[in-house]
Number of protein chains: 2
Amino acid sequence: MTLKAVHEHSNCDDCPIRHRAVCAHCDKDELEELEDIKYYRSFEAGQTIIWSGDPMSFVGSVVSGIASLTQTMEDGRTQMVGLLLPSDFVGRPGRDCAPYDVVATTDLVMCCFRKKPFEEMMVTTPHIAQRLLQMTLDELDAAREWMLVLGRKTAREKIASLLSIIARRDASIHKSGMTGPIVFDLPLTREAMADYLGLTLETVSRQISALKKDQVISLEGKRHVTIPDMGRLMEEAGDDTDGGFLV
Amino acid sequence: MTLKAVHEHSNCDDCPIRHRAVCAHCDKDELEELEDIKYYRSFEAGQTIIWSGDPMSFVGSVVSGIASLTQTMEDGRTQMVGLLLPSDFVGRPGRDCAPYDVVATTDLVMCCFRKKPFEEMMVTTPHIAQRLLQMTLDELDAAREWMLVLGRKTAREKIASLLSIIARRDASIHKSGMTGPIVFDLPLTREAMADYLGLTLETVSRQISALKKDQVISLEGKRHVTIPDMGRLMEEAGDDTDGGFLV
DNA sequence: CAGATACTTTGACCGAGATCAAGTGGAAGC
DNA sequence: GCTTCCACTTGATCTCGGTCAAAGTATCTG
């Protein structure tokens, strides 16, 4: 199994790109012993998957739906520290306790591996560690990109940055090839957006209204967003137009 | 070479804990071919080591001094996204361009490896990828912890959080074993602190004065800090007293 | 020692975003 | 149809931290 081979194997429905390297049915012959340590779990919107500090018995990746990582202070202030879209990895091989809550933001399906056997597998199958390292480095870059958003951007820029990230990760962009308007449904409530951006939900609402008034975006209902000009949105986000968000 | 063996090998001056796993002279017999791809570089305070977007020909780790990772927007707003203390790893095996500036905050010595051979070595020596994965996961946790600081904490809490991180990573704490007052020199200017915390230097200065007035800290000169009660400082930071900052 | 430079402190004022409060709109249940 | 509920919007006001400005302090240089 080479990474190249993994990348070429791209039409696997519940086994998306960043998941493939650790997924059994993509490399049956080499990893078929996985079948008995791998299982699927479903969660309802709002359900907490893992509580911060709890022992974590599995690692896995998101198959469908959206999960979020959140940290909460004693007085209730919360900050979302990661958004997990399909194909994203969850878990920490080598550590027992979760450092933050993992919450299902929408209905969610995860593909899980029991942690112990997975860790053993990492030792015997070096490519897995290498693949996980790449994914973790990508997430680290995304987290650091987000630190700039949290630390230095205005409320308006924060909203534009979030919309731009969701737009880029959304399926529709792949089809349209980044030209023409981009359309998607917001998978987050105003409150969840506020928690991600370090704002209040009122400020989120006001800034979305302002972006709508200025025709940077248009809305049908509360959630269905159309972005007529992606370049314009990225200007509003304060990014140079070719900049590289990953999440 | 096992990780355990690596950990036991702890009296190696310019080869600190988190650096050891990839450092030649800790495991001469197994990795002696490293000698010709490894070299040291020195930098003066203020010098930029890598510019964002530049091709990166090496990876490495900090031997002495402090470096910082910073992101800058076109209009000049900057956010520090990481603080590199001795033993921290720098670089991205598998990616050519640096995603942010790396700047020497103090005079600095780095232990570098040419990137190509290092990447080849990662393939032939699986433990390196596994060790790097652990380190990267730790950094990811630290980055996410910092997102809470940037997004939700007040200026006073931000300062307390930064002091608490520096205190914990500082050598003196290891000696005193976390009881009694902790003493250290701030390795950052007020401006660098502001860039790390998403504040202005004026606000940093004011909050430090306030913490001094309230006897949470005391100062000799501008940089030499004494923390009489670490628990008190962590309350001010808004952390539960046993919480786990890493950086 | 005078002057220059870099870092820091402090004060006065202002504004972006938080807080508090009321109201809107749409979907679900009775 | 009416009520309830929830997510969202909008308005009025307040406040923390930003901005602009001035002055203090330590180090270095000639």
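Model, not experiment: these values are computed from the prediction. FYI, side chains are in, hydrogens and waters are out, and symmetry mates aren't considered; it's all heavy atoms of this structure. Chain identifiers are assigned alphabetically (A, B, ...) following the order of the sequence lines, protein sequences preceding nucleic acid strands; residue numbering begins at 1 within each chain.
- Leu199(A) comes within contact range of the sugar-phosphate backbone alone, with a heavy-atom separation under 4.0 Å but no base atom that close.
- Note on Arg156(B): nothing from the nucleic acid sits closer than 4.0 angstrom, heavy atoms only.
- In terms of phosphate contacts, Thr200(B) brings a side-chain nitrogen or oxygen within less than 4.0 Å of OP1 or OP2 of dG18(D).
- Electrostatic pairing of Asp214(A) and Arg156(A) counts as a salt bridge here, judged by a charged N lying under 4.0 Å from a carboxylate O.
- Within the 4.0 Å cut-off from OP1 or OP2 of dT9(D), at least one side-chain nitrogen or oxygen of Ser205(A) is found.
- Using a 30° and 60° split on the angle between ring planes, Trp146(A) and Tyr196(A) fall in the parallel class, below 30°.
- When the side-chain nitrogen and oxygen atoms of Thr203(A) are compared with OP1 and OP2 of dA18(C), one or more of them lie within a distance under 4.0 Å.
- Thr106(B) contributes a side-chain N or O that, together with a main-chain N or O of Ile66(B), makes up a donor-acceptor pair within less than 3.5 Å.
- Checking the phosphate oxygens (OP1, OP2) of dT9(D), a side-chain nitrogen or oxygen of Arg190(A) falls inside 4.0 Å.
- For Thr154(B) and dC16(D), the shortest distance from a side-chain N or O to OP1 or OP2 is not below 4.0 Å.
- As judged by a 4.0 angstrom heavy-atom cut-off over every strand, Gly46(B) is placed among residues making no nucleic acid contact.
- Put simply, CZ on Arg152(B) is 13 Å from C1' on dT19(C), counting in whole angstrom units.
- Between the P atom of dA26(D) and the CZ atom of Arg223(B) lies a distance of 14 Å, rounded to the nearest Å.
- Rounded to an integer number of Å, the gap from Glu191(A) CD to dC6(D) C1' is 11 Å.
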